[in-house]
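One structure is given below, encoded as structure tokens.
Only this structure's heavy atoms are used, side chains among them; waters, hydrogens and symmetry mates stay out. The chain is numbered in sequence order, starting from 1.
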Amino acid sequence: MKGVILAGGSGTRLRPLTNMINKHLLPVGRYPMIYYSIKKLYEAGIEDILIIMGKHSAGLYTDYLGSGQEWGVRITYKIQEEAGGIAQALALSDGFVNTGDKFVTLLGDNLFEDSLASYVQKYEEQDKGAMVMLKKVTDPRRYGVPILNENKIIFIEEKPSTPKSNYCVTGIYMYDSDVFKIIKQIEPSNRGEMEITDVNNVYAAEGHLAYSILNGWWTDAGTFDSLHEAAAKLLTFDGDPQ
């Protein structure tokens with residue numbers, strides 16, 4: 001399997017820090033944020049990784065990560081010319097991911113404790129479709145909330161006022177190559193972006209959206225509070241991937 005890390009976005013919630021540098025290069029503990037996504041993919045046996053980023057700080061990415069050789073992986077880079085949503089960014093991995101392949105997608109600002117290895121293996125054994133990772137949270141109204149039916153998701157409600165579960169959909173997704181056909185079918189949302197929830201709901205409507213639940217901690221490190229929380233958890237992180 002291959003891995004895709006989405007590391008674009010403007011990081012508006014972390015300004016003024018992100019006026020100078022892309023948020024995925026901000027330090028979290030002892031390492032830049034982007035490192036942890038690479039580490040998680042490497043631990044799961046994924047060595048071919050595509051990083052999709054904005055033009056802002058592109059040179060800093062290549063200076064720090066290079067070809068990926070130091071980290072035991074092979075890194076390819078693509079530029080998302082303008083912010084158009086997660087699904088738009090994901091579409092740029094068409095070609096890096098071949099027809100018939102499965103792959104793992106991480107939002108680069110999602111930091112978490114669990115190893116992905118067992119989840120990746122579970123998805124590889126899945127016949128077709130997609131799988132998303134869920135996490136139980138105290139305020140699901142802030143997130144996309146899944147409506148569950150046994151081992152499948154039947155629909156995801158985006159930031160519902162009355163959530164039907166205490167779980168949220170994290171930024172850890174596993175797709176087959178059919179995702180690129182689905183992205184071409186969806187329309188931009190009211191905010192003018194191609195929403196990943198719309199993509200996931202196509203899989204759900206077809207009965208092909210499975211899920212697993214993270215056991216350890218998880219955070220979306222897109223705010224100062226969550227960035228500080230993640231830094232405290234990862235301060236003693238062993239960064240040697242070899």
Axial cation check for F96 ring with K2, 6.0 Å and 45° limits
yes
Please evaluate residues D176 and Y123 with respect to the criterion side-chain hydrogen bond (donor to acceptor under 3.5 Å, both in side chains), reporting the C-alpha separation (whole Å), side-chain torsions for both, the decisive distance (0.1 Å), and the verdict.
CA-CA 10 Å; D176 57 19; Y123 180 58; 4.9 Å; no
Separation of Y42 OH from W71 CH2 (nearest 0.5 Å):
12.0 Å
Do [X] and [Y] come close enough that some side-chain heavy atom pair is under 4.5 Å?
X: F180; Y: T99; answer: no
X: Y167; Y: L214; answer: no
X: Y211; Y: P146; answer: no
X: L148; Y: L134; answer: yes

What pairs with R141 under salt bridge (Lys or Arg N to Asp or Glu O under 4.0 Å), at least two apart in sequence or on another chain?
D139
Please name all residues satisfying side chain to side chain donor-acceptor pair (under 3.5 Å) with Y119, sequence neighbours left out, ordered by chain then number.
D114
Compile the donor-acceptor pairs under 3.5 Å between side chains in residues 152-159 and protein atoms, sequence neighbours left out, one pair per line.
| residue | atom | partner | partner atom | Å |
| --- | --- | --- | --- | --- |
| K152 | NZ | G207 | O | 2.9 |
| E157 | OE2 | K164 | NZ | 3.3 |
| E158 | OE1 | T197 | OG1 | 2.7 |

Centroid-to-centroid, W218 to Y143, below 6.0 Å?
yes
V179 backbone acceptor or donor facing Y203 side chain under 3.5 Å
yes
Considering all heavy atoms, the nearest M194-E187 contact:
SD-C, 4.1 Å
